[in-house]
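Since the structure comes first, as structure tokens, the remarks are kept for the end.
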Amino acid sequence: MMELIPYQPKLTQAQFLADLLERFPAVAADVLEEEGLIHLQVSAWARYANTCLAHGQLEEVARIIEYFQHTVEQVDSTTENALYVSFLEHLEFSGESENAKQARQLLAPQYLEIWHQLRAWLGLA
């Protein structure tokens, strides 16, 4: 009889948050303020990304997107859901501004498609 091995994420929620704060210390206060509420913690990171985009800090936006794409499939299911629903969905990459166009180009095709679907579902597409 085959023994089933339970799925273990590469990053626990605590490990993800510790790594996030180490890489993006600018969001530490906002993330820690929402301790235990992963969706609110991740949405604080989305607000930071949107602020960077609004100020034309595209290198930082690129770092944020790269980290999202690298970690989203390496975390537990609750954190993964938060990353889609409270981060990706809330990125303000719409519009025809040069910053928004460049930001959309940073997303890998599969995440750009998910972003479009999430925004359409919210009526923001």
Side-chain angles (χ1 to χ4, degrees):
M1 184 172 185
M2 184 171 71
E3 182 180 337
L4 295 178
I5 300 169
Y7 167 76
Q8 293 290 358
K10 294 177 185 169
L11 289 174
T12 65
Q13 192 171 105
Q15 290 169 325
F16 164 75
L17 288 169
D19 192 47
L20 177 74
L21 297 182
E22 184 177 313
R23 292 171 187 266
F24 302 96
V27 299
D30 290 337
V31 169
L32 293 173
E33 186 177 308
E34 304 296 351
E35 188 173 351
L37 303 169
I38 188 65
H39 280 270
L40 295 178
Q41 291 175 302
V42 170
S43 68
W45 189 40
R47 286 192 305 276
Y48 174 66
N50 289 333
T51 298
C52 290
L53 180 65
H55 290 104
Q57 298 170 321
L58 293 176
E59 285 183 20
E60 185 69 349
V61 174
R63 237 175 39 88
I64 293 165
I65 296 304
E66 183 179 316
Y67 184 70
F68 163 78
Q69 293 176 152
H70 176 74
T71 57
V72 69
E73 294 178 18
Q74 296 186 29
V75 295
D76 62 87
S77 60
T78 301
T79 305
E80 180 184 15
N81 178 267
L83 285 169
Y84 283 118
V85 174
S86 296
F87 177 77
L88 186 62
E89 179 177 293
H90 292 278
L91 294 178
E92 298 294 338
F93 288 3
S94 298
E96 293 305 312
S97 74
E98 200 54 43
N99 287 350
K101 288 178 185 177
Q102 288 185 34
R104 287 193 301 269
Q105 291 175 356
L106 296 170
L107 284 169
Q110 71 267 31
Y111 298 119
L112 182 60
E113 178 60 29
I114 293 168
W115 178 80
H116 279 296
Q117 291 173 1
L118 290 167
R119 302 291 285 187
W121 184 78
L122 288 175
L124 298 172

*Should Ile65 and Leu91 be marked as a side-chain contact (heavy atoms from CB on, under 4.5 Å) after you check the CA-CA gap, both sets of side-chain angles, and the distance that decides it?*
CA-CA 10 Å; Ile65 296 304; Leu91 294 178; 3.8 Å; yes
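- Under a 3.5 Å cut-off, the side chain of His55 and the backbone N or O of Thr51 do form a donor-acceptor pair.
- Using a distance-only test at 3.5 Å, with no hydrogens or angles considered, a donor-acceptor pair links the side chain of Gln69 to the main chain of Ala108.
- Taking every heavy atom of both residues into account, Ile38 and Ala82 meet most closely at CG1-CB, 4.0 Å.
- Residue-environment remark: CD (Glu34) exceeds the threshold of 12 foreign heavy atoms within 6.0 Å.
- What you find for Gln15 and Lys10 is that their closest heavy atoms are OE1-O, 3.7 Å.
- Closest non-hydrogen pair, Leu21 versus Ala28, comes out as CD2-CA, 3.6 Å.
- A salt bridge links Arg119 and Glu92; the closest N-O separation between the charged side-chain nitrogens and carboxylate oxygens is under 4.0 Å.
- Looking at heavy atoms from C-beta onward, Tyr84 lies out of side-chain contact with Trp115 at the 4.5 angstrom threshold.
- The aromatic rings of Trp45 and Phe16 stand perpendicular to each other, their planes meeting at an angle above 60°, with 30° marking the opposite boundary.
- More than 12 heavy-atom neighbours from other residues, nucleotides or ligands sit within 6.0 angstrom of CD on Gln110.
- Using a 4.5 Å heavy-atom threshold, the side chains of Tyr48 and Asp30 count as separate.
- Comment: Arg63 engages Glu60 in a salt bridge, judged by a side-chain N to carboxylate O separation of less than 4.0 angstrom.
- Counting heavy atoms from C-beta on, the side chains of Leu32 and Leu17 never come closer than 4.5 Å.
- Note: Arg47 CZ to Ser86 OG = 10.0 Å, rounded to the nearest 0.5 Å.
- The shortest distance between side-chain heavy atoms of Phe93 and Leu112 does not fall below 4.5 Å.
- Two residues are said to be in side-chain contact when any heavy atoms from C-beta on lie closer than 4.5 Å; Thr79 and Thr12 fail this criterion.
- Under the 3.5 Å distance criterion, the side-chain polar atoms of Gln74 are matched with a main-chain donor or acceptor of His70.
- Leu11 and Thr71 make their closest contact through CD1-CG2, 4.2 Å (heavy atoms, listed as atom of the first residue, atom of the second, distance).
- Criterion: ILVMFWY side-chain heavy atoms under 4.5 Å apart, direct or through other members. Under it, Val75 and Leu40 are not part of a common hydrophobic cluster.
- Ala100 and Ser94 make their closest contact through CB-O, 3.3 Å (heavy atoms, listed as atom of the first residue, atom of the second, distance).
- In summary, the side chains of Asn81 and His39 do present a donor paired with an acceptor at a separation below 3.5 Å, with no hydrogens or angles considered.
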*Go through the steps for Phe87 and Ile64 under the test side-chain contact (heavy atoms from CB on, under 4.5 Å), then give the verdict.*
CA-CA 11 Å; Phe87 177 77; Ile64 293 165; 3.5 Å; yes
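- Between the side chain of Asn50 and the backbone N or O of His90, at least one donor-acceptor pair lies under 3.5 Å.
- A pairwise comparison of heavy atoms in Val31 and Ala44 identifies CG2-CB, 4.2 Å as the closest pair.
- Of the possible donor and acceptor atoms, none in the side chain of Gln117 sits under 3.5 Å from a partner among the backbone N and O of Ile114.
- To the nearest 0.5 Å, the span separating OH on Tyr111 from CG on Leu106 amounts to 14.5 Å.
- With 3.5 Å as the limit, one finds no donor-acceptor pair spanning the side chains of Glu80 and Ser77.
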